[in-house]
Amino acid sequence: MDIQVIQLIVNGIALGSIIALAAVGLTLTYGILRLSNFAHGDFLTLGAYLTLLVNAAGVNIWLSMILAVVGTVAAMLLSEKLLWSKMRLIRATSTTLIIISIGLALFLRNGIILLWGGKNQNYNVPVTSAWDFFGVKIPQNQLLVLGLAVLAIVGLHYLLQNTKIGKAMRAVADDLDLARVSGINVEQVILWTWLIAGTLTSLGGSMYGLITAVRPNMGWFLILPLFASVILGGIGNPYGAIAAAFIIGIAQEVSTIWLGSQYKQGIALLMMILVLLIRPKGLFKGTI
């Protein structure tokens, strides 16, 4: 296989691991809350900027990421308290929820520009040389990003499959009303959903900032691959979203050989359309 193709596959795996983290949060919020959250990408951006803020104060980058998770989760819980819980009470339509989420996305993005400006910024981390494996350059940051993503995904798997709250989340995703009458604390499940989504999304944003520049529209440009991963993997299926994220990440990077980097976003859209035409429910069963 050509060295250039291998290099692009390596880059695609790093990108796919970031898309996977954020896509899991997005598919959980849809599977459990029935919310197509178009502000999800901007919460990812918020996580990156909160990491930048703490890191600029002289805090270690890894501790900065953890503190950024706290801020991002708090922002998501605030949006739940002020917006989404009230919309559920009045049984707002999916169209209303989408419009509100787009408005929230614009509010977050412009707030970030107001506070941090519109220019590209970088974390205060030491410059490390890339490792050379038979001509393939692998930056150490990409390996760290992949390692952190794998740890987060393993942790999520354990939580969903082996804990009481994980089983409750699966029950609520299957049938919210039945779960409620069965004695499951639905409000606690909703709280955990935002906690997990905020944690994974913030980590995804922080890690994306490690391998690229931190900029106000970074999450907005990822929103199409995120939704494509959710649909490709089966809506509401976190494991499907993870698999689809790696497929899309690799496909986007490898496509630059023939199409150039300006059409990478179009690949995610094309794959989403093709899957919807052939398998409307996605590649995997759409359930948690």
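Keep in mind that the numbers below use all heavy atoms, side chains included, and drop hydrogens, waters and symmetry copies.
Under the ring-ring contact (aromatic ring centres under 6.0 Å, His included) criterion, the residue pairs touching residues 44-64 are Tyr49-Trp116, with sequence neighbours excluded. Identified under the salt bridge (charged side-chain N to carboxylate O under 4.0 Å, His left out) test for residues 189-211, with sequence neighbours left out: none. Among residues at least two apart or in separate chains, side-chain hydrogen bond (donor to acceptor under 3.5 Å, both in side chains) pairs with a member in residues 98-114 are Asp42-Arg109.
For the pair Leu104/Ser79, a side-chain contact is recorded, criterion being any heavy-atom separation below 4.5 Å from C-beta on. Within the 4.5 Å cutoff, the side chain of Leu269 has heavy atoms near those of the Met272 side chain. Side-chain atoms of Met65 and Met207, non-hydrogen and from C-beta on, do get closer than 4.5 Å to each other. Side-chain contact between Leu148 and Leu203 is absent, with no heavy atoms from C-beta onward closer than 4.5 Å. Using a 4.5 Å cut-off on side-chain heavy atoms (C-beta onward), Thr256 and Leu8 make contact. Side-chain contact between Leu191 and Glu80: absent, with no pair of heavy atoms (C-beta onward) separated by less than 4.5 Å. Inter-residue side-chain proximity for Ile100 and Trp84 is flagged as met; some heavy-atom pair is nearer than 4.5 Å. A heavy-atom distance below 4.5 Å is not found between the side chains of Ile248 and Ile267.
Partners of Ser94 by side chain to side chain donor-acceptor pair (under 3.5 Å), not counting sequence neighbours: none found. For Glu253, the side chain to side chain donor-acceptor pair (under 3.5 Å) partners at least two apart in sequence or on another chain are Lys264. The ring-ring contact (aromatic ring centres under 6.0 Å, His included) search around Phe246 returns none, not counting sequence neighbours. Here Ile184 pairs with Ala168, Ala171, Val172, Ala179, Val189 under the side-chain contact (heavy atoms from CB on, under 4.5 Å) rule; sequence neighbours left out. Listed by chain and number, the residues in a side chain to side chain donor-acceptor pair (under 3.5 Å) with Ser229 amount to none (sequence neighbours excluded). With sequence neighbours left out, Arg34 forms a salt bridge (Lys or Arg N to Asp or Glu O under 4.0 Å) with no residue at all. In this structure Thr212 satisfies the side chain to side chain donor-acceptor pair (under 3.5 Å) test with no other residue, sequence neighbours excluded. Phe227 pairs by the ring-ring contact (aromatic ring centres under 6.0 Å, His included) definition with Phe38, not counting sequence neighbours.
One distance of note links CG of Asn120 with CE of Met218; it measures 9.5 Å at 0.5 Å rounding. Note: Ile278 CD1 to Leu274 CG = 5.5 Å, rounded to the nearest 0.5 Å. Atom CG of Asn122 is separated from atom CZ of Arg215 by 10.5 Å, given to the nearest 0.5 angstrom. Within the model, atoms CG of Asn37 and CD1 of Ile98 stand 10.5 Å from one another, a figure rounded to the nearest 0.5 Å. Expressed to the nearest 0.5 Å, how far CG of Leu159 lies from CG of Leu156 amounts to 6.5 Å. Distance check, rounded to the nearest 0.5 Å: CG of Asn124 to CG of Asn60 gives 10.5 Å.
Checked by atom type and distance alone, the side chain of Thr201 never pairs as donor or acceptor with a backbone atom of Gly198 at under 3.5 Å. Remark: the backbone N or O of Gly240 is paired with a side-chain donor or acceptor of Asn237 at under 3.5 angstrom. In this structure, Tyr123 contributes its side chain and Ser206 its backbone to a donor-acceptor pair below 3.5 Å. With hydrogens and angles disregarded, no donor-acceptor distance shorter than 3.5 Å links the side chain of Lys167 to the backbone of Gln161. No donor-acceptor pair under 3.5 Å is formed between the side chain of Thr27 and the backbone N or O of Val24. With His40 contributing its side chain and Ile223 its backbone, the two residues share no donor-acceptor pair below 3.5 Å.
Grouping Ile, Leu, Val, Met, Phe, Trp and Tyr residues whose side-chain heavy atoms lie under 4.5 Å apart, directly or via other members, places Val54 in a hydrophobic cluster with Val59, Leu63, Leu67.
When every heavy atom of Gly205 is checked against every heavy atom of Ala48, the shortest pair comes out as O-CB, 3.4 Å.
Sparse packing is recorded around CH2 of Trp192, with 12 or fewer heavy atoms of other residues, nucleotides or ligands lying under 6.0 Å away.
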